[in-house]
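Since the structure comes first, as structure tokens, the remarks are kept for the end.
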Amino acid sequence: MMVFGLSTRLLNICIASLCKSRLLERAEAVIIDGIRLGVIPDVVTYNTLLSAYSRFVSLDAAYSVVHRMKEAGISPDVITYNSLLSGATRNCLLSQSLDLFEEMLQAGIHPNVWSYNILMHCFFKLGKPDEANRVFQDILLHNLTPHSATFNIMLNGLCKNEYIDNALMLFRNLQHHGFVPRLVTYNILIHGLCKARRLGQARKMLKELGESGYEPNAITYTTVMKCCFKFKQYDEGLEIMSEMKSKGYTFDGFANCTVVAALVKTGRIEEANACMEQTMRNGIELDLAAYNTLLNMYCREGKFEAAYKLMDEIENGGLLCDKYTHTIIIDGLCKAGNIIGAEHHLQYMKMVGFRENLVALNCMIDGLSKAGQIDRAMDLYKSMETKDSFTYTSLVHNLCKVGRFRCASKLMMKCLRDGKKILRATQRAVLDGLRSTGYTDEARKLRWKIRVARILR
DNA sequence: CTAGGGTTAG
């Protein structure tokens with residue numbers, strides 16, 4: 001008995017290590033060998049295997065382990081259910097999660113704090129913060145000791161459901177009761193603040209993070225950086241980028257795309273080049289999004305030959321150019337004043353099977369209007385299935401530039417009726433234009449419409 | 001077992 005117990009423990013250690021390295025087939029083989037030698041797998045063995053299948057393979061594969069363990073006469077325990085629950089929640093099979101929870105209760109298995117943690121997470125994913133909060137209260141009422149993850153899940157869920165103020169309040173309250181935030185906690189709140197455009201508070205939280213003795217990690221940096229770029233605070237974002245670099249963090253593929261795109265957008269081509277090269281030196285392979293980023297860089301430099309060559313390389317390397325690739329080329333050609341080339345590429349895009357692409361057409365509209373072909377831009381606009389605020393802003397802006405204020409005004413009214421917003425500067429250009437050319441009534445009418453639209457929104 | 005993710009247009 002003693003020998004068996006010990007052997008099963010050893011088996012489990014071995015299985016855990018194989019599972020951790022995702023060597024599931026080897027793990028299965030070891031279990032079979034073990035049985036042959038008389039080592040009986042227990043609930044821990046199956047749970048370990050199940051959790052790995054759920055994480056690395058599929059939920060169905062995890063269920064088949066449950067089936068096998070039941071056949072072997074072993075009853076699922078709370079950990080079995082928690083693994084299934086977290087798998088279902090991770091895969092957004094939320095009703096399945098709720099069913100599993102119910103099933104667990106029916107089977108007479110008492111949920112532990114992790115079961116409740118996952119359930120909370122599930123309710124947040126469902127967009128039901130009230131239900132999640134009820135679970136949170138349940139944890140406290142059932143005298144289950146909350147784990148620090150319990151609080152982090154709660155805070156994250158509140159942030160994701162746009163209850164950032166509640167999250168902050170809970171955070172302060174918890175701190176007051178002795179909760180020691182972890183780095184994750186700060187990252188959660190900083191992301192929430194960034195998303196809510198509260199950059200000042202995000203900055204303060206970043207400072208607090210430092211004062212608590214933590215060092216921002218790569219996640220902290222990329223969160224804040226991305227947020228700066230999103231709100232067009234490029235200098236600030238780039239400053240964070242260099243701070244991140246100076247701390248010795250390197251970019252992964254995702255961060256690299258964000259940074260290079262921002263550098264290109266702000267005309268810092270040299271730096272963009274350097275960044276791209278550094279990332280490649282770090283052994284990160286370029287995928288399609290990275291190629292697209294590089295392609296955009298070539299276009300902005302006017303290196304169209306290099307751009308076309310890169311497109312060939314992409315497709316020869318087994319990747320397929322996507323709508324981003326083609327749109328980047330079309331926009332690049334437009335910006336370089338090569339309208340004919342851009343139109344050709346638009347045709348080509350259609351030919352290789354892409355359906356009408358709003359962004360590509362918007363680029364075309366902008367290109368045509370800037371190249372003095374505003375009537376053709378208007379024709380294109382009329383032929384479009386869908387329009388958005390870019391379409392309107394681009395046309396209205398360029399109509400103003402050539403002094404066609406009444407046409408611009410009409411288009412803007414249509415835009416407002418469509419419920420699309422238009423850049424403030426462009427609105428002003430139309431109003432000023434109408435007034436300066438004597439159409440004060442029209443200006444007044446337009447102003448009224450703008451106000452109404454603002455109230456309705 | 002919770003935190004960030006990339007690329008295009010005004």
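The sequence lines fix the lettering, A, B, ..., with proteins before strands; numbering per chain opens at 1. A quick note: this is a predicted structure, and the numbers were derived from the prediction, not measured.
When the side-chain nitrogen and oxygen atoms of A:N156 are compared with OP1 and OP2 of B:dA3, one or more of them lie within a distance under 4.0 Å. Here A:K160 reaches the OP1 or OP2 of B:dG4: one of its side-chain N or O atoms lies under 4.0 Å away. A sub-4.0 Å separation between OP1 or OP2 of B:dG6 and a side-chain N or O of A:K226 is present. Side-chain N/O atoms of A:K421 include none lying less than 4.0 angstrom from OP1 or OP2 on B:dG10.
For the pair A:I314 CD1 and B:dT7 C1', the computed distance is 11 Å after rounding to whole Å. When the P atom of B:dA9 is taken as reference, atom NZ of A:K323 falls 14 Å away, rounded to whole Å. Atom NZ of A:K230 is separated from atom C1' of B:dG5 by 13 Å (rounded to the nearest Å). The nearest whole Å value for the distance from the NZ atom in A:K401 to the P atom in B:dG10 is 11 Å.
In terms of the ring-ring contact (aromatic ring centres under 6.0 Å, His included) criterion, residue partners of A:Y221 (sequence neighbours excluded) are, by chain and number, A:Y249. Residues meeting the side-chain contact (heavy atoms from CB on, under 4.5 Å) test with A:L93, sequence neighbours left out: A:L59, A:A88, A:N91, A:Q96. With sequence neighbours left out, the salt bridge (charged side-chain N to carboxylate O under 4.0 Å, His left out) criterion links A:R454 to no other residue. For A:F101, the ring-ring contact (aromatic ring centres under 6.0 Å, His included) partners are A:Y116, not counting sequence neighbours.
In this structure, the nucleotide among B:dT8, B:dT2, B:dA3 sitting nearest to the side chain of A:Y324 is B:dT8. Between B:dG10, B:dG4, B:dT8, one nucleotide has an atom nearer to the side chain of A:L423 than all others, and that is B:dG10.
Heavy atoms of A:A149 sit under 4.0 angstrom from at least one base atom. Across all strands, A:R300 comes closer than 4.0 Å only to sugar-phosphate atoms, never to a base (heavy-atom distances). Using a 4.0 Å heavy-atom cutoff across all strands shown, A:N217 reaches at least one base atom of the nucleic acid. If you check every strand for non-hydrogen atoms under 4.0 Å, A:K420 touches nothing.
A donor-acceptor pair shorter than 3.5 Å can be found between the side chains of A:Q175 and A:R172.
Listed by first then second residue, pairs satisfying ring pair (Phe, Tyr, Trp, His ring centres under 6.0 Å) with a partner in residues 363-386 of chain A read A:Y381-A:Y392, not counting sequence neighbours. Within the structure, side-chain hydrogen bond (donor to acceptor under 3.5 Å, both in side chains) contacts touching residues 302-316 of chain A (residues at least two apart or in different chains) are A:E301-A:K303. Among residues at least two apart or in separate chains, salt bridge (Lys or Arg N to Asp or Glu O under 4.0 Å) pairs with a member in residues 252-275 of chain A are A:D235-A:R268. Among residue pairs with one or both ends in residues 331-358 of chain A, those qualifying as ring pair (Phe, Tyr, Trp, His ring centres under 6.0 Å) are A:H326-A:H345, A:H326-A:Y348, A:H326-A:F354, A:H345-A:Y348; sequence neighbours excluded. Pairs of residues two or more places apart, or lying in two chains, never qualify as salt bridge (Lys or Arg N to Asp or Glu O under 4.0 Å) while including a residue from residues 86-97 of chain A.
Using a cut-off of 4.0 Å between Lys/Arg side-chain N and Asp/Glu carboxylate O, A:K204 and A:E211 are scored as not salt-bridged. Salt bridge status for A:R134 with A:D130: absent, with no side-chain N to carboxylate O gap under 4.0 Å.
With centres under 5.5 Å and a plane angle under 30°, the ring of A:F390 is stacked against the base of B:dA9.
For A:T258 against B:dG6, no side-chain N or O and base N or O form a donor-acceptor pair under 3.5 Å. Counting distance only, with no hydrogens placed and no angle test, the side-chain atoms of A:T223 and the base atoms of B:dG4 include no donor-acceptor pair under 3.5 Å. In this model, a side-chain donor or acceptor of A:D252 finds a partner on the base of B:dG5 within 3.5 Å.
Residues from residues 182-203 of chain A that place a heavy atom under 4.0 Å from any atom of DNA chain B, listed by number: A:R182, A:V184, A:N187, A:I188, A:H191. Taking a 4.0 Å limit (strictly below) on heavy-atom distances, residues 357-367 of chain A reaches DNA chain B at A:V359, A:N362, A:C363, A:D366. Using a 4.0 Å cutoff on non-hydrogen atoms, the parts of residues 281-297 of chain A near DNA chain B are A:D287, A:A289, A:A290, A:N292, A:T293, A:N296, ordered by number.
The shortest distance between side-chain heavy atoms of A:M280 and A:E285 does not fall below 4.5 Å.
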